[in-house]
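In what follows, a structure is listed as structure tokens, so that the remarks can point back to it.
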Amino acid sequence: SAVISQKPSRDICQRGTSLTIQCQVDSQVTMMFWYRQQPGQSLTLIATANQGSEATYESGFVIDKFPISRPNLTFSTLTVSNMSPEDSSIYLCSVEQAYQETQYFGPGTRLLVL
Amino acid sequence: SQKIEQNSEALNIQEGKTATLTCNYTNYSPAYLQWYRQDPGRGPVFLLLIRENEKEKRKERLKVTFDTTLKQSLFHITASQPADSATYLCALYRDSNYQLIWGAGTKLIIKP
């Protein structure tokens, strides 16, 4: 298994500002993912963070709004840019080792945009 | 596109009874299906994986079935305990890049 930490755990931000969320894993992992989860809703995949190259974004999510970095196999950041109240959500980082078919999640970052 | 349906209403079960949660999908049968548990304020935690060629999988008090004809998976918790109260999520493998498609989850409440 993998132990994942996220920073910050929660934040309240003003509209128009940006927030960068960090995801740190205690071991090297193949895949890292960023999700968004609204209360009572399913997890929605934002993007797959690729080490050494640009992230792969899902339909409806763009790099300008959600820039992602992954400088190595244990760390990734997600930035929520030019925030609006619609961006209020829980943002989750998850990881998976190749062929292990199990995702491990961080505790999430609870974001409120006013 | 693939859609996953889980009962959005909370399921209330008396302690000691068996809880059964349902996951239905609409399109192709995935190579495998997973169940996760999520507690308030926490990320999901993996419980069980079942492959398309498996009918049933067990782990301690947990049992998962997979019926590709009905396009349905059932998740059972036997001898349920209040500590089993949580939201249970069903996730299907998307057949590419290790990605999963997620259901919205069913909230399970075990009453003492």
Side-chain angles (χ1 to χ4, degrees), chain A residues 1-10 21 23-25 29-51 53-61 89-112, chain B residues 1-11 21 23-26 30-54 57 59 62 64 66 86-109:
Chain A
S1 66
V3 177
I4 303 153
S5 59
Q6 281 185 238
K7 287 186 195 178
S9 58
R10 58 178 62 225
I21 302 168
C23 177
Q24 179 74 55
V25 192
V29 292
T30 309
M31 310 297 293
M32 292 183 81
F33 304 100
W34 286 98
Y35 288 92
R36 185 168 71 181
Q37 186 179 31
Q38 306 277 4
Q41 304 290 317
S42 64
L43 279 75
T44 301
L45 181 64
I46 297 171
T48 302
N50 301 309
Q51 194 264 328
S53 64
E54 194 173 285
T56 304
Y57 289 85
E58 295 300 302
S59 175
F61 297 96
S89 190
I90 298 171
Y91 291 85
L92 291 154
C93 166
S94 79
V95 304
E96 182 172 339
Q97 285 289 25
Y99 311 115
Q100 285 197 358
E101 299 170 332
T102 301
Q103 288 194 18
Y104 299 95
F105 284 82
T109 296
R110 189 178 295 268
L111 172 62
L112 177 63
Chain B
S1 61
Q2 184 77 282
K3 285 190 169 65
I4 300 171
E5 295 166 356
Q6 292 188 259
N7 196 334
S8 58
E9 292 183 11
L11 183 63
L21 287 70
C23 173
N24 295 300
Y25 57 94
T26 58
Y32 60 77
L33 181 152
Q34 301 181 351
W35 284 88
Y36 288 73
R37 167 182 174 145
Q38 186 173 26
D39 291 283
R42 300 196 168 203
V45 174
F46 171 77
L47 296 174
L48 279 169
L49 178 153
I50 187 164
R51 301 185 189 281
E52 62 179 336
N53 61 349
E54 297 175 319
K57 185 74 74 76
K59 180 183 175 183
L62 309 180
V64 172
F66 193 5
T87 296
Y88 291 85
L89 305 171
C90 166
L92 274 61
Y93 179 57
R94 199 168 119 175
D95 269 344
S96 65
N97 299 322
Y98 306 93
Q99 291 173 358
L100 298 172
I101 304 171
W102 295 81
T106 298
K107 185 174 183 179
L108 175 65
I109 301 169

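Just so it is clear: chains get the letters A, B, ... in the order the sequence lines come, proteins before strands, and each one is counted from 1.
Using a 4.5 Å heavy-atom threshold, the side chains of B:Ile4 and A:Ser42 count as separate.
Of the N and O atoms on the side chains of B:Gln38 and A:Gln37, at least one donor lies less than 3.5 Å from an acceptor on the other residue.
Interface remark: A:Tyr35 contributes side-chain atoms only to the contact with chain B (heavy atom separation under 4.5 Å). For A:Gln6, no part lies near chain B; criterion is any non-hydrogen pair under 4.5 Å.
Among the residues in residues 45-54 of chain B, those with a non-hydrogen atom closer than 4.5 angstrom to a non-hydrogen atom of chain A are B:Phe46, B:Leu49, B:Arg51.
When ring centroids are compared, A:Phe33 and B:Trp102 stay outside the 6.0 Å threshold.
For A:Glu101 (side chain) and B:Tyr93 (main-chain N/O), no donor-acceptor pair under 3.5 Å exists by modelled atom type. Checking side-chain atoms of B:Tyr36 against main-chain N and O of A:Gln103 turns up a donor-acceptor pair under 3.5 Å.
Of the listed residues (A:Gly106, A:Ser9, A:Pro107), the one with the most heavy-atom contacts under 4.5 Å to chain B is A:Pro107. Heavy-atom pairs under 4.5 Å with chain B were tallied for A:Gln38, A:Gln41, A:Arg10; the largest tally goes to A:Gln41.
Across B:Gly43 and A:Leu92, no two heavy atoms sit closer than the pair CA-CD2, 3.9 Å.
B:Lys3 pairs by the side chain to side chain contact (heavy atoms under 4.5 Å, CB included) definition with B:Ser1, B:Thr26, not counting sequence neighbours.
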